[in-house]
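Inspection log for the structure reproduced underneath, given as structure tokens.
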Amino acid sequence: MQEAMMKTDTERSIPLDRFLSDLEPFINLDTPTADLAACRNAAVFLAARLEKAGLFVTRHSCGADGRPMVTAVSPSAESHDSYDFLLVGHFDTVFPAGTASRRPFRLDAAESRVYGPGTVDMKAGVLLMIYLAEYLRAAHPEIRLCLLLDSDEETGSAASAPFLEQYGRKSRCAFVFEGARKAGQFVSQRKGCRKYEIKITGVASHAGTAPRQGASAIVEMARWITALDQLKRYDRGTSVNIGLVEGGTALNVVPDRCTAKVEVRYTDEKEILRIERSITRLSQKPSVENTQAHVTCLSDMPPLRLSPATQLLMDQMTAYGREQQSDMEVGLLDPIDFVSAGGLSDANRLAACGIPVIDGCGPGGGFPHSEKEFFSLDSLQKRYRLLTGLLPYLYEQMDY
């Protein structure tokens with residue numbers, strides 16, 4: 001193994017011109033999560049590129065709507081039902097149809113950046129996965145590799161979740177290729193997220209001639225909003241955001257309806273239980289007579305916690321980093337470090353599998369979900385060099 005790593009060291013620079021020629025048409029494909037036809041076109045594009053990389057490709061239809069997903073395995077894994085490494089990414093974006101034509105792929109060589117919708121979140125990361133698989137198939141064919149690319153991560157991966165868990169349980173560990181943090185750090189923990197819809201019903205009445213006959217749903221909701229906001233505990237990693245509120249029918253009518261949508265982010269299961277106990281108390285004791293509350297949990301994403309197996313994987317990654325100290329000193333690699341993140345990703349879904357999960361494996365950049373979104377070519381080179389050495393190293397160390 002050591003001889004193979006030394007032999008291929010000079011080849012561990014990503015072929016940048018070829019990478020960018022692959023990336024440009026990918027960026028210029030609109031892939032809004034809700035546009036299934038556009039996502040299916042992207043799945044066809046990716047399947048062709050994965051086959052070109054020498055992988056065995058399967059296109060899936062997920063959920064009732066037949067949402068597209070692509071999986072690809074290395075030749076060494078084709079006859080097995082287990083994998084050493086699961087590499088995970090998504091190809092849907094938050095941008096509406098037409099964004100790519102208005103704001104297409106743009107290379108800024110002076111800044112060493114690429115701009116465009118979905119660059120850092122996360123089409124550059126998806127393509128990096130394919131280039132890593134291509135390298136490993138040629139240089140380390142013994143490694144059993146699986147790539148999973150889904151198309152609904154931006155809305156919580158509800159349709160993809162069963163597939164993520166299915167493939168996660170077959171894998172020894174998983175790497176998610178969301179963008180690296182600002183200093184090149186990986187992500188080892190993510191908050192969980194639970195979303196609620198609260199509907200208050202009251203009694204409509206004329207606000208001028210019969211105000212006492214009404215029961216204001218909006219006034220009751222105001223009480224809920226104040227109470228829910230007081231439940232946040234930043235020191236415990238718990239936030240509560242009342243993001244959407246809508247109600248009433250006219251200015252001169254006591255409102256008989258009001259709806260709010262609430263998002264809770266948390267790290268500790270005890271915190272979400274505390275929040276739900278408070279929601280139950282609010283429902284049972286309205287402050288405005290003749291109003292009723294109906295609460296629905298819209299979605300639930302578990303937190304990505306730091307398990308002992310993940311800590312072991314992190315320790316092994318750190319040990320590899322110490323061996324690469326000379327490359328770090330001359331700027332060929334970023335130091336290996338880990339952070340916690342408040343945002344969500346497919347790593348949250350993989351948390352249920354009980355395997356080590358590391359996120360933030362893609363190239364870094366900035367301003368995701370905005371017109372200024374970009375990824376860094378320098379970060380891309382560092383990530384490729386790091387992972388082409390790290391994954392074979394971890395393969396030799398595996399005991400989880």
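For reference, positions follow the sequence shown, starting with 1.
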Just wondering, more than 12 heavy atoms not from [X] lying within 6.0 Å of its [atom1]?
X	atom1	result
Lys170	NZ	yes
Gln311	CD	yes
Glu289	CD	no
Arg212	CZ	no

Please list all pairs meeting salt bridge (charged side-chain N to carboxylate O under 4.0 Å, His left out) that have one or both residues in [range], counting only residues at least two apart or in different chains.
range	answer
residues 292-305	Arg194-Asp300, Glu269-Arg305
residues 66-75	none
residues 364-377	none
residues 92-101	none

Side chains of [X] and [Y]: does their closest heavy-atom pair fall under 4.5 Å?
X	Y	value
Ile130	Leu55	no
Pro68	Arg59	no
Met122	Glu153	no
Phe175	Leu391	yes

Between the side chains of [X] and [Y], does any donor sit under 3.5 Å from an acceptor?
X	Y	answer
His206	Gln213	no
Lys191	Ser239	no
Glu271	Thr238	yes
Arg349	Ser160	no
Asp121	His90	yes

Arg281 meets the side-chain contact (heavy atoms from CB on, under 4.5 Å) criterion, sequence neighbours left out, with Arg277, Ser278

Sorted by chain and residue number, the side-chain contact (heavy atoms from CB on, under 4.5 Å) partners of Ala351 (sequence neighbours excluded) come out as Leu304

Flag yes if [X] and [Y] sit in one hydrophobic cluster, no otherwise; membership is Ile, Leu, Val, Met, Phe, Trp, Tyr, and two members link when side-chain heavy atoms are under 4.5 Å apart.
X	Y	answer
Val187	Leu164	no
Leu313	Met398	yes
Val73	Ile143	no
Leu86	Leu312	no

- request: Walk me through it: do Glu154 and Thr93 pass the test side chain to side chain donor-acceptor pair (under 3.5 Å)?
  value: CA-CA 7 Å; Glu154 294 293 359; Thr93 67; over 6 Å; no

Applying ring pair (Phe, Tyr, Trp, His ring centres under 6.0 Å) to Tyr131 and not counting sequence neighbours gives Phe19

For Phe163, the ring pair (Phe, Tyr, Trp, His ring centres under 6.0 Å) test, sequence neighbours excluded, returns His60

Under 3.5 Å: donor-acceptor pair, side chain of [X], backbone of [Y]:
X	Y	value
Asn28	Pro104	no
Ser76	Pro141	yes
Arg181	Ser340	no
Arg113	Ala110	no
Thr388	Arg385	yes
Asp152	Ala159	yes
Ser216	Val219	yes

Residues 242-255 vs side-chain hydrogen bond (donor to acceptor under 3.5 Å, both in side chains), sequence neighbours excluded, gives Glu246-Arg257

Residues 36-56 vs side-chain hydrogen bond (donor to acceptor under 3.5 Å, both in side chains), sequence neighbours excluded, gives Asp22-Arg49, Arg49-Glu134

One should read off an interatomic distance between Ser171 OG and Leu350 CG, to the nearest 0.5 angstrom, of 8.5 Å

If the plane angle is over 60° it's perpendicular, under 30° parallel, otherwise tilted; pick one for Phe374 and Tyr115. tilted

| Parallel under 30°, tilted from 30 to 60°, perpendicular over 60°: which one fits the rings of His369 and Phe95? | perpendicular

Going by chain and number, the hydrophobic cluster around Tyr234 (ILVMFWY, side chain to side chain under 4.5 Å) further includes none

Using a 4.5 Å side-chain heavy-atom cut-off and chaining through intermediate ILVMFWY residues, the residues clustered with Leu251 come out as none

